[in-house]
Amino acid sequence: MHGRVFTIEKKCTACNKCIEVCPVDMANRVYSSLDRKRRIAVNSKYCISCGACIKACDHGARDYTDDTGRFFMDLAMGDSIHLLVAPAAKVNFSDLPRLLGWLKSMGVANIYDVSFGADISTWAYLKARQELSLSSVIAQPCPSVVNFCERYMPELLPSLAPIQSPLICMAIYLRLEKQLEGKIAFLSPCIAKTDEIGDQNTGKLVSYNITFDKLKRKLAEMHVQLDQYPETGFDGMQPGIGYVYSRPGGLGETIRVTNKDLWIRQIDSVRRVYPYLKEYYQRQTKQLPVPDIVDILNCTGGCNCGTGTEQKIPMDDIDYKTNIYKKEQLANQVTEKDHGTIYKIEQYFDSCLDWHDYRREYSSKKIENSRFTDEDLDDVFYKLRKNTVESRNRNCHACGYGSCKRLAQAVKLGINMADSCIEYERSGLLHDTLTPLLNHAGLESALEQAMWMYHTNQLTNLAILMLDVDDFKLVNDSFGHDVGDEALKAVAGSISKNISSNDSAGRWGGDEFMVILPNTALEGAQKIAKAIKHSVKTSNVLPRGEHFTTSIGIAIAQHVDNALTIFQRVDSALYEAKKHKKSKSRSNK
């Protein structure tokens with residue numbers, strides 16, 4: 001059972017674009033599918049139905065559910081269903097009147113323009129602002145914004161406009177003023193409207209969310225030819241300029257018909273909206289000026305390019321058509337008088353409606369531990385082979401998070417995997433599979449580089465350590481290879497914590513390790529070797545409190561050395577160290 005937005009697994013390439021555009025931390029979970037490929041699933045608990053991932057996915061791997069199928073099924077069963085149409089339909093359907101005609105032929109009862117509900121919302125905003133003495137409100141026709149505030153920033157709920165969305169205002173008006181009976185469906189540009197109509201705070205007056213995109217798919221599936229159906233208009237009263245609500249700044253345009261001096265902040269797009277909400281709250285807490293009204297929409301281009309649309313309409317075409325309609329409605333509805341602006345539809349609302357009927361409340365649905373906050377990430381960075389400050393701050397964006405720290409947090413929380421890091425993947429060619437250190441090939445490359453730097457006088461000294469586990473076969477035979485692996489990891493950990501970010505270390509093979517120490521003389525190399533040996537001996541890896549030890553050989557580079565000769569010398573030094581330890585052990589018996 002998937003949520004509102006979901007992944008089509010076979011299409012997912014785990015390209016991480018969905019993670020990159022998602023405004024919340026925990027909504028995407030990376031996993032390994034049965035075919036051992038990385039996939040990215042949606043966690044519906046955290047998803048706010050913003051739809052950004054659907055738009056970003058080039059592979060068609062993200063989709064969503066709406067109520068289109070259920071709507072047509074109930075319609076076929078003879079249910080009485082009225083349809084409310086979002087203003088954005090006028091630019092998303094080139095032949096909207098004939099589409100409405102077809103829907104009527106399918107059994108839809110009355111069809112209403114939600115632009116009228118937008119006019120009610122604007123009027124009610126202004127009434128609430130005056131009567132409740134609201135200094136600043138965040139507009140809420142956008143359910144993704146409401147979802148975000150209720151789940152992640154409930155401290156913003158008092159700032160959300162205490163008025164229902166245009167859709168719900170329209171439904172309330174029809175139920176209260178026109179005594180409309182039967183079910184109500186919404187022809188919608190928005191995936192998240194399904195969340196809104198199912199919310200107890202909206203009265204559950206609407207039964208279906210039918211998105212433009214899914215309806216168009218239905219038309220294609222049924223091979224409907226709209227030119228065969230009569231043109232049908234909307235039922236009910238003619239709206240004011242509420243139609244402009246569907247474009248960014250549309251709410252502000254409707255408010256400024258009669259209130260030209262309000263400070264209205266217009267903001268749209270997922271990338272801008274959710275960071276702005278955090279900024280808005282910070283300004284509130286610091287008692288800094290904030291706008292009178294925040295006209296905020298989740299989608300770039302507003303509802304006309306909503307998550308449930310094809311999102312392919314040129315913005316200039318939208319504005320051109322909208323501006324013509326707005327001009328016509330202003331001519332019909334607005335009269336300028338010496339004492340102010342007369343807006344006919346607001347006069348009608350003043351005489352017939354009570355704004356309190358259109359009030360909206362909100363419920364905190366705060367999700368605890370929903371953000372990346374854990375700062376103790378050393379173990380995860382070790383797993384990611386990020387053992388230097390530089391490697392922990394690549395921030396290349398390939399993983400989708402934009403920072404190495406955020407990826408590490410996701411890995412620690414179990415919602416992502418180490419191989420999401422492109423540097424981790426690349427370094428796998430030169431890194432050991434058991435430990436986060438270099439492998440044999442990586443060590444050869446590092447040693448060649450170090451010798452070149454030494455011979456070109458970029459290094460004053462160069463020390464090489466070679467070490468192995470004493471009697472490692474006995475460790476495996478006595479405790480098992482799984483414990484032996486833990487012993488090797490302990491050696492790698494002991495090496496890592498006793499060398500600097502300028503040093504290199506790796507597993508040469510089996511239980512043998514090499515450490516390359518640039519600008520380190522004999523005394524410094526001996527000190528590091530001693531620290532590593534002590535750390536290994538006290539590692540407490542073996543059962544029953546037993547311990548194991550290491551032998552270490554040291555070679556200091558000479559100008560006659562090359563990579564092969566210094567390796568031969570340090571290998572001989574390790575052999576002598578082990579020989580000396582065995583000789584000493586026999587003499588102590």
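Sequential numbering from 1 along the given sequence is applied to the chain's residues.
- Taking the six-membered ring wherever Trp is involved, the centroid distance between the rings of F148 and Y274 falls below 6.0 Å.
- Under the side chain to side chain donor-acceptor pair (under 3.5 Å) test applied with E196, the options S188, S165, S49 reduce to a single match, S165.
- Ring geometry, Y173 versus F116: the interplanar angle falls from 30° to 60°, so the pair is classed tilted.
- Separation of the Y276 and Y281 ring centroids does not fall under the 6.0 Å cut-off.
- No more than 12 heavy atoms of other residues, nucleotides or ligands sit less than 6.0 Å from atom NZ of K312.
- A salt bridge links K365 with D199; the closest basic N to acidic carboxylate O contact falls under 4.0 Å.
- Residues S33 and K10 are not in side-chain contact: their nearest non-hydrogen atoms beyond the backbone lie 4.5 Å or more apart.
- Two residues are said to be in side-chain contact when any heavy atoms from C-beta on lie closer than 4.5 Å; M153 and K278 meet this criterion.
- With salt bridges taken as basic N to acidic carboxylate O contacts below 4.0 Å, one links K90 and D113.
- By the 6.0 Å contact criterion, CD on E181 is open, its count of non-hydrogen atoms from other residues, nucleotides or ligands being 12 or less.
- When the shell of 6.0 Å around CD of Q179 is examined, it contains more than 12 heavy atoms from other residues, nucleotides or ligands.
- With respect to the salt-bridge test (charged N to carboxylate O, under 4.0 angstrom), the residues K214 and D66 do not qualify.
- With sequence neighbours excluded, the residues forming a salt bridge (charged side-chain N to carboxylate O under 4.0 Å, His left out) with D350 are K127, listed by chain and number.
- Using bins of under 30°, 30° to 60° and over 60° for the plane-to-plane angle, the ring pair F72/W102 lands in the tilted bin.
- Other residues, nucleotides and ligands place no more than 12 heavy atoms under 6.0 Å from the CG atom of L34.
- For Y243 and Y325, the ring centers are positioned less than 6.0 Å apart.
- Shown here is E155, whose CD atom has more than 12 heavy atoms of other residues, nucleotides or ligands within 6.0 Å.
- The existence of a salt bridge linking D213 and R217 is confirmed by a sub-4.0 Å separation between a basic side-chain nitrogen and an acidic carboxylate oxygen.
- No hydrogens or angles considered: a donor-acceptor pair under 3.5 Å links the side chains of T211 and Y64.
- Around NZ of K383, the count of heavy atoms belonging to other residues, nucleotides or ligands within 6.0 Å does not exceed 12.
- Electrostatic pairing of K183 and D79 counts as a salt bridge here, judged by a charged N lying under 4.0 Å from a carboxylate O.
- Ring geometry, Y112 versus H82: the interplanar angle falls from 30° to 60°, so the pair is classed tilted.
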- CA sep, side-chain torsions, deciding dist, call: D295, R265, salt bridge (charged side-chain N to carboxylate O under 4.0 Å, His left out): CA-CA 6 Å; D295 182 0; R265 161 73 62 220; over 6 Å; no
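- Partner of Y208 under the side chain to side chain donor-acceptor pair (under 3.5 Å) criterion, chosen from T68, D74, T194: D74.
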